[in-house]
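The shown structure was predicted, so the numbers you read here are calculated from the model rather than taken from an experiment. Proteins get letters first, then strands, A, B, ... in listed order; numbering begins at 1 in each.
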2 protein chains.
Amino acid sequence: MRISKVNKMHNLSKNQQIIFDLIDKSSEPLKAYAILFNVQKKGIKAPLQVYRALDKLVEIGKIHKIESRNAFIACQNSSCQVAKATAFSICEICEKVTEISSAGLSKYLANFKDKDGMKYSKYNLEFFGLCKKCR
Amino acid sequence: MRISKVNKMHNLSKNQQIIFDLIDKSSEPLKAYAILFNVQKKGIKAPLQVYRALDKLVEIGKIHKIESRNAFIACQNSSCQVAKATAFSICEICEKVTEISSAGLSKYLANFKDKDGMKYSKYNLEFFGLCKKCR
DNA sequence: TACACAATGTTATAATATAACATTAACCTA
DNA sequence: TAGGTTAATGTTATATTATAACATTGTGTA
Ligand SMILES: [Zn+2]
Ligand SMILES: [Zn+2]
Ligand SMILES: [Zn+2]
Ligand SMILES: [Zn+2]
């Protein structure tokens with residue numbers, strides 16, 4: 001396998017890199033229009049440019065969407081290669097979001113079968129409560 | 001405890017009842033503006049009237065929001081008195097949504113502790129896959 | 001080179017949700 | 001049953017989130 005192939009696996013384009021860097025260095029989930037505002041100085045002017053980069057970054061697992069907040073967070077779990085099994089804790093006061101990395105939880109959910117015996121390979125779980133600081 | 005008190009627990013107002021009835025008889029999750037369109041003949045004319053009823057219905061657990069779809073579904077689980085622990089399966093082809101009612105799952109999630117030993121009383125879980133019909 | 005595909009740029013618009021303020025209904029209790 | 005309180009409603013305007021459509025440019029590969 002050549003270097004170029006290795007890189008290609010998750011080689012980010014210019015816009016993708018700009019937007020990923022912003023999300024990755026943020027201490028909190030970012031919303032699409034907050035991202036847009038922050039990257040306008042870098043030449044990204046339109047919502048669609050942001051959403052396209054976000055879509056791709058979600059697809060390859062570099063970021064995740066917090067569905068209940070319409071916001072995006074960098075993957076905090078180096079093993080998330082694909083956006084297919086995600087779990088988060090969300091503080092209902094300060095809105096701090098943490099990606100949960102629990103082998104037990106992911107094993108349990110990956111093996112969960114519903115009443116019809118159906119197994120699901122993809123899921124998103126959001127826990128809500130109060131973080132340490134807010135209790 | 002008087003009758004009025006018993007009823008009051010989940011006595012729906014006029015708009016709440018209209019909107020709940022619509023969602024309850026629907027075979028699929030409904031979006032807010034689809035609801036608005038459907039209840040305009042009943043005198044509900046503005047988005048805010050719909051969103052206010054939806055907020056209340058979610059709060060008391062009569063309906064749930066499918067976060068990944070921005071849509072609302074009637075509670076299919078008679079024991080959901082409050083919107084605090086929900087789980088759904090979602091077909092990625094036909095978009096059929098089913099509320100999962102599994103004692104094992106809810107027990108596991110209610111008892112789940114993160115790395116810091118934190119327990120969460122509230123969660124939302126969405127599984128994705130293909131339903132029987134779509135496989 | 002030439003092809004295929006991914007990414008970009010741009011304008012416009014769709015879809016989802018809330019702010020602000022005035023009014024009315026329902027409920028509780030003195 | 002009058003008065004106070006809270007919940008719900010009505011209405012207009014606006015904020016926020018997301019996509020359609022189409023033209024163009026870059027990138028890797030045969
Ligand atoms: Zn991750
Ligand atoms: Zn907190
Ligand atoms: Zn339910
Ligand atoms: Zn299906």
Side-chain angles (χ1 to χ4, degrees), chain A residues 1-23 28-60 62-73 83 95, chain B residues 1-23 28-73 95:
Chain A
M1 191 186 274
R2 287 177 301 154
I3 300 265
S4 63
K5 283 244 180 182
V6 173
N7 285 346
K8 191 199 167 189
M9 289 176 71
H10 295 313
N11 216 7
L12 301 184
S13 73
K14 179 167 134 280
N15 288 2
Q16 289 159 15
Q17 189 70 56
I18 290 168
I19 286 170
F20 174 72
D21 287 344
L22 180 68
I23 295 172
E28 58 188 3
L30 294 178
K31 300 189 151 225
Y33 278 70
I35 292 167
L36 175 58
F37 179 81
N38 269 280
V39 297
Q40 278 179 330
K41 60 181 87 72
K42 298 213 164 113
I44 296 175
K45 291 171 190 164
L48 198 45
Q49 294 175 288
V50 173
Y51 280 104
R52 284 197 284 224
L54 290 173
D55 284 350
K56 188 68 183 185
L57 292 167
V58 166
E59 185 190 323
I60 64 180
K62 298 281 286 183
I63 66 173
H64 303 301
K65 182 174 186 180
I66 310 301
E67 293 286 356
S68 66
R69 300 298 187 261
N70 297 318
F72 299 86
I73 189 174
E95 294 291 325
Chain B
M1 191 186 274
R2 288 176 299 153
I3 301 264
S4 64
K5 283 244 180 181
V6 173
N7 285 345
K8 190 200 168 189
M9 288 177 73
H10 295 314
N11 217 6
L12 301 184
S13 73
K14 180 168 132 277
N15 288 1
Q16 290 159 15
Q17 190 71 57
I18 290 169
I19 286 169
F20 174 72
D21 287 344
L22 181 67
I23 295 171
E28 59 188 5
L30 294 179
K31 300 189 152 226
Y33 277 70
I35 292 167
L36 175 58
F37 179 80
N38 269 281
V39 297
Q40 278 180 330
K41 59 179 87 73
K42 299 217 165 111
I44 296 176
K45 292 171 189 161
L48 198 45
Q49 295 175 287
V50 172
Y51 280 105
R52 285 197 283 223
L54 290 173
D55 285 350
K56 187 68 182 187
L57 291 168
V58 166
E59 185 190 323
I60 64 181
K62 299 280 287 181
I63 66 172
H64 303 301
K65 181 173 187 181
I66 310 301
E67 293 285 357
S68 66
R69 300 296 186 262
N70 297 319
F72 300 85
I73 189 174
E95 293 291 328

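- Across C:dT10, D:dT11, C:dT8, the shortest atom-to-atom separation from the side chain of A:N15 is found for C:dT8.
- OP1 or OP2 of D:dA8 sits under 4.0 Å from a side-chain N or O of B:K56.
- The distance between atom CD1 of B:I35 and atom C1' of C:dT16, rounded to the nearest whole Å, is 12 Å.
- Distance CD1/A:I63 to CG/A:L54: 4.5 Å, rounded to 0.5 Å.
- In this entry the distance linking CD of A:E59 with C1' of C:dA7 reads 13 Å, nearest Å.
- Going from atom CD1 of A:I19 over to atom P of C:dT8 covers 8 Å, rounded to whole Å.
- In this structure A:E28 satisfies the side chain to side chain donor-acceptor pair (under 3.5 Å) test with no other residue, sequence neighbours excluded.
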Between protein and nucleic acid, restricted to nucleotides 14-17 of chain D and to nitrogen or oxygen atoms under 3.5 Å apart, what atom pairs and distances do you find?
from	atom 1	to	atom 2	distance (Å)
D:dT17	OP1	A:K31	NZ	2.4

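- Note: CD (A:Q49) to P (D:dT19) measures 16 Å, nearest angstrom.
- Between B:K14 atom NZ and D:dT9 atom C1' there is a gap of 8 Å when expressed in whole angstrom units.
- A distance of 4.0 Å separates CD1 of A:I35 from CD1 of A:I23, quoted to the nearest 0.5 Å.
- Listed candidates were C:dT10, C:dA19, C:dA7. Nearest to the side chain of A:A46 is C:dT10.
- Here the CZ-CD distance, from A:R69 to B:E67, works out to 8.0 Å after rounding to the nearest 0.5 Å.
- Distance B:D55 CG to C:dA19 P: 11 Å, rounded to the nearest Å.
- The side chain to side chain contact (heavy atoms under 4.5 Å, CB included) with A:I18 is formed by just one residue from the set A:V39, A:N38, A:V50; it is A:V39.
- Minimum heavy-atom separation, A:K31 to A:N70: CG-O, 3.8 Å.
- Here salt bridge (charged side-chain N to carboxylate O under 4.0 Å, His left out) pairs that include residues 42-56 of chain A, with residues two or more places apart or in two chains, are A:K56-A:E59.
- Following rounding to the nearest Å, A:L12 (CG) and C:dT8 (C1') show an atom-to-atom distance of 15 Å.
- Rounded to whole Å, atom P of D:dA18 lies 12 Å from atom CD of B:E67.
- Take the nearest nucleotide of DNA chain D for B:S13 and for B:P47: the residue whose nucleotide is more 5' is B:S13.
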